[in-house]
Asks: 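Handing you a structure now.
In what follows, chains carry the letters A, B, and so on, assigned in the order in which the sequence lines appear, proteins first and then strands, with residues in each chain numbered from 1.
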There are 2 protein chains.
Amino acid sequence: MATSATREKILDVAEELFAHQGSRATSLRAITSAAGVNLAAVNYHFGAKEVLIEEVISRRLVTLNGQREQRLLEVRASAVAAGRRPETAEVLMAFVEPTLLFPQSGTGAGNFITLVGRAMADPDETARRIFVRLMQPVLQLFAELLAEAQPELAPEVLYWRLNFVIGALSHTMRGIDRCPLPLEIAVAKSAPELVRLLTGFLSAGMLAAP
Amino acid sequence: MATSATREKILDVAEELFAHQGSRATSLRAITSAAGVNLAAVNYHFGAKEVLIEEVISRRLVTLNGQREQRLLEVRASAVAAGRRPETAEVLMAFVEPTLLFPQSGTGAGNFITLVGRAMADPDETARRIFVRLMQPVLQLFAELLAEAQPELAPEVLYWRLNFVIGALSHTMRGIDRCPLPLEIAVAKSAPELVRLLTGFLSAGMLAAP
DNA sequence: GTCTATAGATTGATAGAC
DNA sequence: GTCTATCAATCTATAGAC
């Protein structure tokens, strides 16, 4: 049996604590006491802390990447059907929108987006390796579609611009429930507004003359 | 006496290990054995691990932020002298160029840029708090100059675009000595090329119609 | 300033009763 | 499946000889 009330409770609490402190700084005792379960339950259900980390990441990331992939393939299909190239703006929207709207998809999903926004920058090998492996296919597809939208762009320019896109997006993900930079002009924005602001910024950057 | 061979050796090794594993995952034993000094030397020279972390960050960040501030003030001064507004592209260049060229300013400075690129996303409160405090003044100045360059931009749009800039830059900093995203088209670039690519991308994003 | 030795706390993981 | 109790390892920090 894959599901169990205790198992799910552990996953939910671990997700929240990992998002705000990192997996390395979060002890199994902190998780089990906050979840109201016994310390030994973690090892009974997951075997090791590393497996718990992997499960916390993959549980929702598989779903999110499925949404991203579907949106990207729809963009490609409708471009092919119309006999045109995909547009940079719609490719970016297909990746960014599911990501920033994901917190609305279920309780605790907001913690998950913060967690994933940190995963790529995480100095902890364990978490980063798991994350990169799960992201590789959809990132590859994302890169292909951006290349189809701008075939005139040199591959290395496209590669680094894709990195700028991922950097801006993951920073936004980390700050989605609070203002990321502590400045006087800091103003919180709703997720749909952030989608619009971010895709507008990124489209202009991608389409800039090299 | 502020300098000592042992003290500097500890700082250099800690900088490298912190950059690649994070401060939390790096034990004092790992630092002292790699540095070839005694374990107790850390507490003799710094008093506590937290102070060592602060020292590693501030040692070079004060210098880097000084360069950034000087460049930003020069941009403002030359605009005032010419009776015009600062240009978005030159403001971005004043912040980005010293950052990405900093690794050439001394041995081990490349590790520092990787470290700082991670600091803002670091889940560890200690490192992030130290970092944010040191960054606040120059970030404030950076935001002011971007606002002077584009006074028509609503403050909240400017705030979030500044976040996109910082996100893209810090991601680039993390990957300056290797390719950040594991894709087939990954190609390493020299620091001056990255400066040009990044500022071009960011200028277009900042200047996009809202 | 540098060393050995160790205190004192916390960690991930497990054994075994129920 | 859940619990108590505990092991073995690791960590930061310090005391005190040299």
Asks: Heavy atoms only, 4.0 Å cut-off, all strands: where does A/Ala40 land among base, sugar-phosphate and nothing?
Replies: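 Counting heavy atoms under 4.0 Å across all strands, the contact made by A/Ala40 includes a base.
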Asks: What residues, two or more places apart in sequence or in another chain, satisfy side-chain hydrogen bond (donor to acceptor under 3.5 Å, both in side chains) together with B/Glu125?
Replies: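 Partners of B/Glu125 under the side-chain hydrogen bond (donor to acceptor under 3.5 Å, both in side chains) test: none.
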Asks: List the steps and the verdict of salt bridge (charged side-chain N to carboxylate O under 4.0 Å, His left out) for A/Arg174 and B/Asp122.
Replies: CA-CA 10 Å; A/Arg174 290 192 290 274; B/Asp122 202 323; over 6 Å; no
Asks: Rounded to whole Å, please give me the gap between CZ in B/Arg7 and C1' in C/dG1.
Replies: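 Answer to the nearest Å: 14 Å.
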Asks: Heavy atoms within less than 4.0 Å of DNA chain D: which residues of residues 123-131 of chain B have one? Give them sorted by number.
Replies: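 Nucleic-acid contacts, sorted: none.
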Asks: Find the distance A/Glu8:CD to D/dG1:C1' and express it as a whole number of Å.
Replies: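 Value for this atom pair: 16 Å.
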Asks: Just N and O in the side chain of A/Thr6: are any of them under 4.0 Å from OP1 or OP2 of D/dT2?
Replies: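 So the side chain of A/Thr6 is within the cut-off, an N or O lying under 4.0 Å from OP1 or OP2 of D/dT2.
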Asks: When the distance from NZ of A/Lys49 to C1' of C/dT14 is rounded to whole Å, what number comes out?
Replies: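 Answer to the nearest Å: 17 Å.
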Asks: Give the rounded distance in Å between these two atoms: CG of B/Asn43 and P of C/dA5.
Replies: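 These atoms are roughly 18 Å apart.
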Asks: With a 4.0 Å cutoff (strictly under), does any side-chain N or O of B/Asn38 reach OP1 or OP2 of C/dT4?
Replies: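 So the side chain of B/Asn38 is within the cut-off, an N or O lying under 4.0 Å from OP1 or OP2 of C/dT4.
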Asks: Rounded to whole angstroms, how far apart are CZ on B/Phe46 and C1' on C/dT2?
Replies: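 Interatomic distance, CZ of B/Phe46 to C1' of C/dT2: 15 Å.
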Asks: Quick check: does any side chain N or O of A/Glu55 sit under 3.5 Å from a backbone N or O of A/Phe46, one acting as donor and the other as acceptor?
Replies: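 Not confirmed, A/Glu55 side chain does not pair with A/Phe46 backbone.
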Asks: Heavy atoms, side chains only, cut-off 4.5 Å: are B/Glu193 and A/Glu156 in contact?
Replies: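 No; the side chains remain at least 4.5 Å from each other.
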Asks: Could you note down all residue pairs passing side chain to side chain donor-acceptor pair (under 3.5 Å) where residues 34-49 of chain A supplies at least one of them, sequence neighbours left out?
Replies: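 Side chain to side chain donor-acceptor pair (under 3.5 Å) check on residues 34-49 of chain A returns no pairs.
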Asks: Give the residues of residues 22-36 of chain A touching DNA chain C, defined as any heavy atom closer than 4.0 Å, sorted by residue number.
Replies: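 Heavy-atom cutoff 4.0 Å gives A/Thr26, A/Ser27, A/Leu28, A/Arg29.
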Asks: Please tell me which of the listed nucleotides, D/dA13, C/dG1, C/dA13, lies nearest to the side chain of A/Leu39?
Replies: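 The closest nucleotide is C/dA13.
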Asks: For B/Ile10 and C/dG1, what is the distance between atoms CD1 and C1' respectively, to the nearest whole Å?
Replies: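 The answer, rounded to whole Å, is 11 Å.
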Asks: Within the side chain of A/Tyr159, is there an N or O that forms a donor-acceptor pair under 3.5 Å with the backbone of A/Ala143?
Replies: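 No: the side chain of A/Tyr159 does not pair with the backbone of A/Ala143.
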Asks: In whole angstroms, how far is the C1' atom of D/dC11 from the CG atom of B/Leu52?
Replies: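 Rounding to the nearest Å, CG of B/Leu52 and C1' of D/dC11 are 15 Å apart.
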Asks: Check whether any side-chain heavy atom of A/Cys179 sits under 4.5 Å from a side-chain heavy atom of A/Val187, and report yes or no.
Replies: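 In short, these two side chains do not touch, never coming nearer than 4.5 Å.
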Asks: Round to a whole Å and report the spacing from OH of B/Tyr44 to P of D/dC18.
Replies: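 Answer to the nearest Å: 19 Å.
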Asks: If an axis is fit to five pairs at each end of the helix from C/dG1-D/dC18 to C/dC18-D/dG1, what is the angle between the two, to the nearest 10°?
Replies: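 That helix gives 10° between its end axes.
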Asks: Where the side chain of B/Ser4 is concerned, which of D/dA13, C/dG1, D/dT2 is the nearest nucleotide?
Replies: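 Comparing D/dA13, C/dG1, D/dT2 against the side chain of B/Ser4, the answer is C/dG1.
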Asks: Would the distance check show the side chain of A/Trp160 and the main-chain N or O of B/Thr172 forming a donor-acceptor pair, the cut-off being under 3.5 Å?
Replies: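 No.
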Asks: Can you tell me if A/Thr26 and A/Gln21 form a side-chain donor-acceptor pair at under 3.5 Å?
Replies: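 Side-chain D/A pair, A/Thr26 to A/Gln21: present.
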Asks: When you compare the side chain of B/Val13 with that of B/Thr32, does any pair of heavy atoms fall below 4.5 Å?
Replies: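 B/Thr32 does not reach B/Val13 side chain to side chain.
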Asks: Output all residues satisfying ring-ring contact (aromatic ring centres under 6.0 Å, His included) with B/Phe102, sequence neighbours left out; order by chain, then residue number.
Replies: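 Once residues adjacent in sequence are excluded, the partners of B/Phe102 under the ring-ring contact (aromatic ring centres under 6.0 Å, His included) criterion are B/Phe112.
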Asks: Which of these passes side-chain contact (heavy atoms from CB on, under 4.5 Å) with B/Leu145: B/Val91, B/Leu73, B/Thr88?
Replies: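 Option passing the side-chain contact (heavy atoms from CB on, under 4.5 Å) with B/Leu145: B/Val91.
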